[in-house]
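Nothing fancy with the numbering, it's 1 onward along the sequence. Atoms within each ligand, like the ligands themselves, are counted from 1 in listed order.
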Amino acid sequence: MKRSLDANATAVRDSLTKTKLSLNDFANLISPAASESLEQISVRSQKITQQRFGKVIRLFAPLYVSNECINNCAYCGFSRDNAILRVTLSIDEVLREARELKQQGFRNILLVAGEHPKFVSNNYLRDCVAALHAEIPSVSLEVGPMETDEYKPIVAAGADGLVVYQETYDRAIYDTMHTAGPKKNFDWRLETAERAYAAGFRRLGIGALFGLADWRYEAICVAAHADFLLRHCWKAQITISLPRLRPCAGEFQPLTHLADRELAQLVCAFRLMFPDAGLVLSTREPAKLRDGLIPLGITLISAGSHTEPGGYTGAGREKIHHTERGKIIELASGASEWAATNGHATNATGQFEIADDRSPGEVAELIRKLGYEPVWKDWDGALMT
Ligand code: SF4
């Protein structure tokens, strides 16, 4: 951490000339001194990315199947104490959403759910994956952490990737952010990727949610975690996401700030440190910034995203309700919550507000304009299907 603040121009130059970087080099590249050499760093990052991945940007879409949750995470709209409009989609409703995404072009879907064993059981997730996999070649999950044996049927049903963000690697801040529910257990979450690997997942996604702890501290921890996974889970592809906090229900304000220029520096530093890692950028970031970051080292982006269950087609909107202590509280007939909100297919509450609301087609067109080919399938999945 100290190195990432104190590195001088010579140390940055030395790290830039290496082909294999250490964590110390990574710390040098995210230092204030390295910010002075951002152009040089980004040229190198761009070159390495094109050598390893070609001029290709892969697209994926999140498919939220439930916004029920038993955890309280101070920064998340789905927290159990938030009086939001909740719903869990049936398998048919999940398929309806997936078919809409397929029609838009997507062949790579990230299935997302809050953590609630009553509404989002392991069997439910397995059945969602089985139904999706029949039509979509690449299905990943971002759901509450499980035991290895609980993951196995989900892998057998066709899921190939698991995403789990540590949110923050600072234990003290983690404790204050996670006030109720199983997510309070820092170590259980930290070891999730290894359990997923043991169950057979072959794409492991990690990341920190920038805006909770010092960004340089988080970045070094993410890099150390990725480095560990590359050595211990060597058959898996590692992807790293760089989400910054967005406004959500509960109106949590970020505790720390990661500026746009620092985010660009971070993308490049991760690329130089991990030439083969997937780097993910979501619609949390505004269009103009995404367009600028894509050529620097990003390999995977979402587009046209909705963070509310049923957001693509309105599936499940007639079932929306409140949940109190695990019990469904029906809305009164004629309640104001039923009133359609402008431009939304459902009134179910989203996890956070997206910043890039361009359609998938518009994003694909932009990728072409930047000189890249938009690819709708996952790279590994494309080779296997
Ligand atoms: S971050 Fe995840 S676990 Fe926490 S409240 Fe939101 S959905 Fe639930």
Visitor: Between C69 and ligand 1, find which residue part has any heavy-atom pair under 4.0 Å and reply side chain, backbone, both or neither.
Guide: side chain
Visitor: For S79, counting its heavy atoms only, list the atoms of ligand 1 lying under 4.0 Å from any of them.
Guide: 5 (S)
Visitor: One thing to verify: whether D356 and R358 come together as a salt bridge, which I'm taking to mean a side-chain N less than 4.0 angstrom from a carboxylate O.
Guide: yes
Visitor: Is the shortest side-chain heavy-atom distance between L59 and I301 below 4.5 Å?
Guide: yes
Visitor: Any atoms of ligand 1 less than 4.0 Å from a non-hydrogen atom of G114? List them with their elements.
Guide: 7 (S)
Visitor: Return the closest protein heavy atom for atom 3 (S) of ligand 1 as residue, atom name and distance.
Guide: N71 ND2, 3.3 Å
Visitor: Measure the shortest side-chain to side-chain distance between L16 and L272 over non-hydrogen atoms and say whether it is less than 4.5 angstrom.
Guide: yes
Visitor: Would you check if atom 4 (Fe) of ligand 1 lies under 2.8 Å from any N, O or S atom of C73?
Guide: yes
Visitor: Is a salt bridge present between E93 and R96, judged by a nitrogen-to-oxygen distance below 4.0 Å?
Guide: no
Visitor: What atoms in ligand 1 come closer than 4.0 Å to a heavy atom of K183?
Guide: 1 (S), 2 (Fe), 3 (S), 4 (Fe)
Visitor: For atom 6 (Fe) of ligand 1, grab the closest protein heavy atom and report residue, atom and distance to one decimal in Å.
Guide: C76 SG, 2.3 Å
Visitor: Under 6.0 Å from the ring centre and within 45 degrees of the ring axis: does the NZ or CZ of R195 meet both conditions for the six-membered ring of Y151?
Guide: no
Visitor: If the threshold is 4.0 Å, N to carboxylate O, is there a salt bridge linking D260 and K288?
Guide: no
